[in-house]
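Encoded as C-alpha cells, the structure appears first; notes follow it.
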Amino acid sequence: MTVQQSIRPDAPRGTGEVVMSARHVAKHYGAVKALKGVNFDIHRGQVTTLFGENGAGKSTLMKILAGIVTPTSGQILLDGEPVTFNGANDALAQGISIIHQELALAPNLNVRDNIFMGREIRTRRGVDFAEEERVTRALMEELEEEIDPLTPVEELRLGQQQIVEIARALQAKSRILIMDEPTSALSASEVEVLFKVINDLTAKGVSIVYISHHLEEALEVTDHAVVLRDGEMTAYAPRNEIDLEWIVRNMVGEGFDLGTPPDSKMGEPSLIVEDLCVPDPSGHGLVVDHMSLSVRAGEIVCIYGLMGAGRTEMMECAAGRLRAKSGAVKLHGRDISHMSIAERIEAGLVLVPEDRQRDGLVQTMTVGQNLSLSSIGAFTRGLFTSRKDERKVIDDSIREVTVKTDGGGAMIGSLSGGNQQKVVIGKMLATRPEVILLDEPSRGIDIGAKAEVFKLLARTAQERGLAVLYSTSEVGECLSIAHRIIVMNRGRIAAEFDHTATKEQIMAASGEAVHH
Amino acid sequence: MADVTNSKPGSGGMGLNIGKILLEGRAFFALVAIIAVFSILSPVYFSIGNFLIMSSHVAIFGLLAIGMLLVILNGGIDLSVGSTLGLAGVVAGYLMQGVEIPAAGVVLYPPVWAVVVLTICLGAFVGLINGVLIAFFNVPAFVATLGMLYVARGVALLMTNGLTYNNLGGAEALGNTGFDWLGFNRIAGVPIGVIVLALVALTVGLVLARTAFGRWLYASGGNERAAELSGVPTRSVKISVYVLSGICAAIAGLVLSSQLTSAGPTAGTTYELTAIAAVVIGGAALTGGRGNVRGTMLGAFVIGFLSDGLVIIGVSAYWQTVFTGAVIVLAVLLNSLQYGRARR
C-alpha cells in the first residue's frame, strides 16, 4: 500500500507540554463497555487526532473530556491536577469547549443567538445584541463565510450550520478545543479555511483534539495520533512517525478477518433498481440521482460512500419509507414501487435501518417481542397468537443470529450494541426474505460482533440464496464478504469493482482522497 | 440501559426485593390500603353490597379508562371521552323519545338494541374523526381531541337546548322498554354496568396480550418509526385506538344515562381527566408502549373506592379533590422512578 505523505514544514509547534490528560478512564452503559481504561494526553498548542472506527469509543472519550459524560472510573488531570466536571458548563468555565458531531443548535434562533446561547453578553438593561452581532460578524469573517448574523439557523445549509457550531466554540475562547467530526458536511474549500483557523489557534497556544473519518485530511492537520479500538487505546505516535497504513492497521486490528465472499450459487437477479430518483428533503436537487443496480440471488453487494452520498436514501426508498420521484424497484421482475413497507416485507424485501435505536428497536419491549415483531402472522392461529409457536420463532431466531441473551424475556436495553444489531437483523430474517438491505450494519458495534454479523450474512446468502445489499463508510468492510462493490458519490454510482479491488481504488472513486 | 428486569413473562418474581415488589404492585397495594383504612374508619364500608355499589360507580370511569389506555399505549391522549360520553347519552335519549320523520309523517321508536347499536356507532364515528385528524393530518392528539371535547359537548347542548331527557323508560305500547335494564338490573346480584366493564376489560386484555393488533399497538407506542419499518400498519393502529376509545366512551354514556334514567348534555364533564388518572395510576407511561388493562382497572378502582370512601366517612367534597390530586401525582412520581431508572 502506498501513501503520499505530506510532511508538514513546521513540524513541532508550541511547547508540547501536556495540558490535559485522561488516566485509565472507563465508561460503561449497562452491559456495554464503551471505554475500557483509556490513557490520553493533550499537548499545549498542538493538534491531537483520535482515530478509530464507529463505536470505538471516540465520542464517549470526548464527551468525558468536555464534562458532558461522567466516567465510570478513572481520572481526568488538568494542568496535572485531578478534576471532576459538573456538567459541560463547568468544563467550559475551565476553558474546554467541544464542537459536537451532531449539531447542537437551536434551528429556530438566528446565528447570533445560537453563538451566544447560554452565555449572552449581559448589561444592566438586558442583552447587548449590538455587541453580540459585531462579534458574530468578526467570527464569520475569520471563517470566511458570508452568513448574516440575523439569519435563522434552519435556513442555512448543513455545512454552514457546522460553521456556526465551530464559531460558537471559537467564541468561547477556550484553551482546549475538541472537534468531533467538524468537517463531515463541509466543502473542500471550507475545510481549508478550517485548517487555517486551526493553525492560527495552535499558534496562539490553543490545544486541539480532532476526530475525523477522513483519515488523510486528519493526517494533514495533526501533530499526534492516538488510535482507539473497541474501547481501548491501541496505538500512539507523533505525526512524523506514522502514515495512513499505520492508522488503518491499528484501527482495524491486524489480521482481523471480516470474511471472504461466500461460494454461493448465483441465481437470477432478485432485486432490480431502475433509474431511481429520490428528491432532496430540502426541495431542490436529488439525493439519489438516476441510480440503477441489480443484486442476484445469493449475491452480496456492498455500497460504499461518504456521509450524504445517498446510500441511506436509496435503501429507504427501495424499502418503501421514502417516496421515489421516478424510477422503479423490482423484486424478481415484479414492480413493487407502489407497495407499502408492510407489503414489501410480505413480498420478500426487508431493510435493516442505519440507526437501530431510532428505527430498529422498540425499547419498551423484550428481546423476543422485538425479534418476532415482523413475523406475527407466522404464529397467529385464527384471531390469537400462539405462545408456543411464538416461542419457537424467537428461539430459532436467537439461535440463528447467535444473540447473547438471558432468553427472549430479557429487555432489549440489556444487550450490547452488537447483540442489539443481531436482533434487528434476526427480526428481518425471521420473515424469510429474498432480499435484505442493510444500511451500515456495522455501525456502533465492536469488531468481534462485526465479524459475526458479516459471517451471518455470508452464510445466509449461501444457504438460503438471499440477495444481500449492505452499505458502509469503512473501506475495510467493502473488501470482506462482498462479491461486488458499488461506490456512490453524490447520489450517483461513481464506480463498480469486484472483490479484487484495492482500498485506494475504492477511496479514490468515492471522492474521499482528493486533497492532493 | 436497563439491567435485566422484571418483565420476564411467566417467570415468578424470584428476586426477593421488597422495594421492587412494592413499586411494581403499587396500584394493588394502594387499593388494599384504601379498603383497609376505610373499613376501620366506617362500619358500612366493608360489605359486599357496598363494594358492588362502588363498583357500579367505577364502571363508568373504568370503561373510559380502558379506551384511554389504548390511546395512551399508542403514545397519544384522548381528551374528548368525557364529552363523547355526554353526547352518547343525549343521542340515546333523543332516540328513545322517538325520531320524527316529517316526509312520512310518522314518529319512529327504535327498539333498545337499535338505540344501543346506533349510540356505539356514534362513539366510533367521533373517534374516527379524532383518529383521521391525528394519523393523516398530523394534528397533535392533544389539540385534535381538545377540539373534539368542545365540539361534542356543543352538539350535545344544541340537541337538547341545554335541557335533560328525563324519560328514558320507553313505553310498552311502543316496544322500546328496557333501557334502564343496563343501569338497574343485576345478574346474580352484580350490577349490569359492572358486568359490562368486566367483559370489556377481559376482551381488551386478551386483544392486547394475544393478538397481532395488541403487539402492533405496543410496538408503535414504544417506537413508531421502528414499528413502521418492521411492517406494522402504524396509521391504521392509530386510527383504531381512537375509534375504540370513542366506542368505550359511548358504552360508558349508555350505562351512565341508564343508571340515572336521564340523559343530560353536561354529563361526563372532566371525566376524561379521571380516566387519564386511572391509566397513570395503573402504571402506564404517557410516552406510550407501557401499561396494561390490569393496572388500569386497579387505577380506576383506587380512584373510585377512595372517593366513595371519603363520602362514606363524611369528608368534605373539597378534600376529596385534594386527595385525588395527591394520589395522581404520587402515582406519576412512582412511574418515573420505575421507568426513569430503567432508562439510565
Side-chain angles (χ1 to χ4, degrees), chain A residues 28-32 316 319-321 340-346 350-353 355-370 372-377 379-380 382-387 390-391 405-417 420 424 427-428 431, chain B residues 1-14 72-75 203 205-237 283-292 335 338-344:
Chain A
H28 301 173
Y29 293 100
V32 185
E316 291 199 340
R321 157 66 93 41
S340 71
I341 298 174
E343 285 165 338
R344 288 180 207 218
I345 292 174
E346 184 76 18
V350 298
L351 169 70
V352 173
D355 187 332
R356 69 176 162 271
Q357 301 301 340
R358 198 186 59 186
D359 299 330
L361 298 169
V362 181
Q363 295 288 354
T364 50
M365 305 206 309
T366 62
V367 172
Q369 289 169 333
N370 270 289
S372 66
L373 182 58
S374 287
S375 38
I376 299 176
F379 53 87
T380 302
L383 264 178
F384 298 111
T385 56
S386 153
R387 284 200 185 155
E390 179 177 12
R391 173 145 294 190
T405 169
D406 293 352
M411 287 310 285
I412 191 75
S414 67
L415 301 189
S416 69
Q420 291 189 357
V424 183
K427 170 177 71 179
M428 295 334 296
T431 66
Chain B
M1 307 258 161
D3 43 348
V4 183
T5 39
N6 48 66
S7 18
K8 273 183 202 168
S11 81
M14 291 306 284
I72 285 177
L73 279 178
N74 193 242
T203 314
L206 202 59
V207 164
L208 285 183
R210 295 296 298 278
T211 65
F213 176 79
R215 197 60 68 78
W216 289 342
L217 177 51
Y218 279 108
S220 53
N223 185 347
E224 190 163 4
R225 296 174 63 108
E228 194 191 357
L229 278 177
S230 303
V232 173
T234 49
R235 270 190 180 165
S236 343
V237 170
L286 284 174
T287 44
R290 295 178 207 262
N292 55 44
N335 281 0
Q338 185 182 3
Y339 299 137
R341 199 184 45 179
R343 216 169 289 133
R344 275 279 139 122

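Residue numbers begin at 1 in each chain, while the letters A, B, ... track the order of the sequences.
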How many angstroms lie between atom CG of A:L383 and atom OG1 of B:T211, to the nearest 0.5 angstrom? 8.0 Å
Please classify the contact between A:T405 and chain B as side chain, backbone, both or neither, with a heavy-atom cut-off of under 4.5 Å. neither
Using a cut-off of under 4.5 Å for heavy-atom pairs, which of A:E343, A:M428, A:K427 has the most such pairs with chain B? A:K427
With chain B, which of A:V352, A:L351, A:V362 has the greatest number of heavy-atom pairs at distances under 4.5 Å? A:V362
So, taking the atom named OG in A:S340 and the one named CD in B:E228, what distance separates them when rounded to the nearest 0.5 Å? 9.5 Å
Considering all heavy atoms, the nearest B:L229-A:I345 contact: O-CD1, 3.6 Å
Name the region of B:E224, side chain, backbone, both or neither, that has any atom closer than 4.5 Å to a heavy atom of chain A. neither
Using a 4.5 angstrom heavy-atom cutoff, name the option from A:V424, A:L361, A:T431, A:V350 with the most pairs to chain B. A:L361
Does A:Q363, at its CD atom, have more than 12 non-hydrogen atoms belonging to other residues, nucleotides or ligands within less than 6.0 Å? yes
Just by distance, do the side chain of B:R225 and the backbone of A:D359 share a donor-acceptor pair under 3.5 Å? no
Return the CE to CG distance between A:M365 and B:N223, rounded to the nearest 0.5 Å. 9.5 Å
Nearest-0.5 Å distance, CD1 of residue A:I376 to CH2 of residue B:W216: 6.5 Å
Most heavy-atom pairs under 4.5 angstrom with chain A, which of B:G231, B:S230, B:G222? B:S230
Contacting moiety of A:R387, where chain B heavy atoms sit under 4.5 Å: both
Does a side-chain N-to-carboxylate-O contact under 4.0 Å join B:R215 and A:E390? yes
Need one label for A:R358: side chain, backbone, both or neither, based on atoms under 4.5 Å from any heavy atom in chain B. both
